[in-house]
There are 2 protein chains.
Amino acid sequence: MSKAITPTLRGTRAQEDYLEQILTLIENKGYARVVDIAHNLGIAQASVTGMIQRMDADGLVAYEKYRGVILTEAGEEIAREIVRRHESLVEFFALFGLDEHSIYDDIEGIEHHMSQPILAAIQALTGELERQPALLERVKKKIAGCA
Amino acid sequence: MSKAITPTLRGTRAQEDYLEQILTLIENKGYARVVDIAHNLGIAQASVTGMIQRMDADGLVAYEKYRGVILTEAGEEIAREIVRRHESLVEFFALFGLDEHSIYDDIEGIEHHMSQPILAAIQALTGELERQPALLERVKKKIAGCA
DNA sequence: AATATAAGTTAGTTGAGACTATATTTTGAT
DNA sequence: ATCAAAATATAGTCTCAACTAACTTATATT
């Protein structure tokens, strides 16, 4: 029923977090080290090793002991999808003056649970609000009143 | 930093799901049976018993063997908050023609991860879109194009 | 080239939260 | 009041994903 548009066999939620970090690290630094993944996710190094082995078994990454990790095609596809969602959400919430840092936990939660139609709705709304500063201002005022 | 407005010690995500179901059942039928909670959450009865005992230990529900479950004050506060979020999200996504059933999984995911400012933003946007059918139509067209 | 330090791995444990199979208790019908 | 059926509880197991402690490999400095 709620089959994703991309019919990828998505990993677990935690695995998606790992994939996102790994892709980001590879794009920023050229490689993804266990220690950096652990640091970025706020968990212990040993936990990362364990998960990477599971993800290798699941075909999401290619892993060789003491050498680096790289994404498989399947893993990269999922990673890019998550990053795309993350960025859409940051862009959306930034409209309301919420900075990326203060909404990090929210986005973390939401990005794993957003179906394609909902993502499309968010993106469409982002576009409209960017084009209508007056509307955006009204919304922001209401938010200020609530908080 | 991301302290909730309601400074409640929220339960785990799973516990929030239970609380939501329990509150809904109590309001609809006057009581919450284990068998109904299990059915609504799509899990086994025995799993519910186990969780309810944990939640009793955590002070979220009051539980007596073979008698019913009721919410404590703390539990009810959390339950009402989750229900409120759930309803706000349904209202929002319904704007775009997405029915409650088809977005159930999304909302399930999101409702546990939404901070107060983001909830306020969603609610404010819902209000604006209800008042601007033309804008809503444009957004809906874009969504149709994406899917 | 030797060795200190950083990075990575292994082993063993924990807790959440689900499961099945098996009791036990409550309830409703006779 | 009895007894079958429905509801609930217990016991024991499983997986995921984290942890610490201890060990191994890689690297960098001299």
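Below, chain A is the first sequence line, B the second, and so on; all start at residue 1.
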* To do: Could you please name the option among dT8(D), dG17(C), dT9(C) that lies closest to any side-chain atom of Ala46(A)?
  => dT9(C)
* Contacts of type ring pair (Phe, Tyr, Trp, His ring centres under 6.0 Å), residue Tyr63(A), not counting sequence neighbours -> none
* From the options dA16(C), dC19(D), dT10(D), select the nucleotide whose nearest atom is closest to the side chain of Ser47(A). => dC19(D)
* **Atom pair distance, as rounded to whole Å: CD in Gln15(A) and C1' in dA18(D)** => 14 Å
* Min side-chain heavy-atom separation Ile143(A)-Leu98(A) under 4.5 Å -> no
* Asked: dT9(C) C1' sits how many Å from Ile43(A) CD1, rounded?
  -> 15 Å
* Angle between terminal axes - the helix from dA1(C)-dT30(D) to dT30(C)-dA1(D), 5 pairs each end, rounded to 10° -> 10°
* Asked: Would the number of heavy atoms belonging to other residues, nucleotides or ligands and lying under 6.0 Å from CD of Glu27(B) be above 12?
  -> yes
* Asked: Between atom CG in Leu41(A) and atom P in dC19(D), what is the gap in whole Å?
  -> 10 Å
* Structure fact -> Which of dA18(D), dA17(D), dG17(C) is nearest the side chain of Met51(B)? It is dG17(C)
* **Arg13(B)/Glu108(B) salt bridge by N-O under 4.0 Å criterion** => yes
* Looking for any heavy atom pair under 4.0 Å, which part of the strands does Ala44(A) touch: base, sugar-phosphate only, or nothing? -> base
Check nucleotides 5-7 of chain D for protein N or O atoms closer than 3.5 Å to its own N or O atoms and list the pairs.
residue	atom	partner	partner atom	Å
dA7(D)	OP1	Arg33(B)	NH1	3.0

* Asked: Between Arg54(A) and Gln15(A), is there a donor-acceptor pair closer than 3.5 Å when you use the side chain of the first and the backbone of the second?
  -> no
* **Separation of atom CZ in Arg67(B) from atom C1' in dT8(D), rounded to whole Å** => 13 Å
* Evaluate the ring planes of Phe96(A) and Phe93(A), with Trp represented by its six-membered ring, and classify them as parallel (under 30°), tilted (30 to 60°) or perpendicular (over 60°). => tilted
* Asked: How about Gln123(B) and Ser88(B): does a side-chain donor come under 3.5 Å of a side-chain acceptor?
  -> yes
* Would you kindly give the CD1-to-C1' distance between Ile37(A) and dT9(C), to the nearest whole Å? => 14 Å
* Structure fact -> With the side chain defined as heavy atoms from C-beta on, Arg54(A) is closest, among dA17(D), dA9(D), dC19(D), to dA17(D)
* Can you tell me how far the CD1 atom of Ile52(B) sits from the CG atom of Leu60(B), to the nearest 0.5 Å? -> 11.5 Å
* With respect to the phosphate group of dG17(C), does any side-chain polar atom (N or O) of Thr12(B) fall under 4.0 Å of OP1 or OP2? -> yes
* Please state whether the phosphate of dA26(D), meaning OP1 or OP2, lies under 4.0 angstrom from any side-chain nitrogen or oxygen of Lys65(A). => no
* Side-chain (Arg138(A)) to main-chain (Pro133(A)) donor-acceptor, under 3.5 angstrom -> no
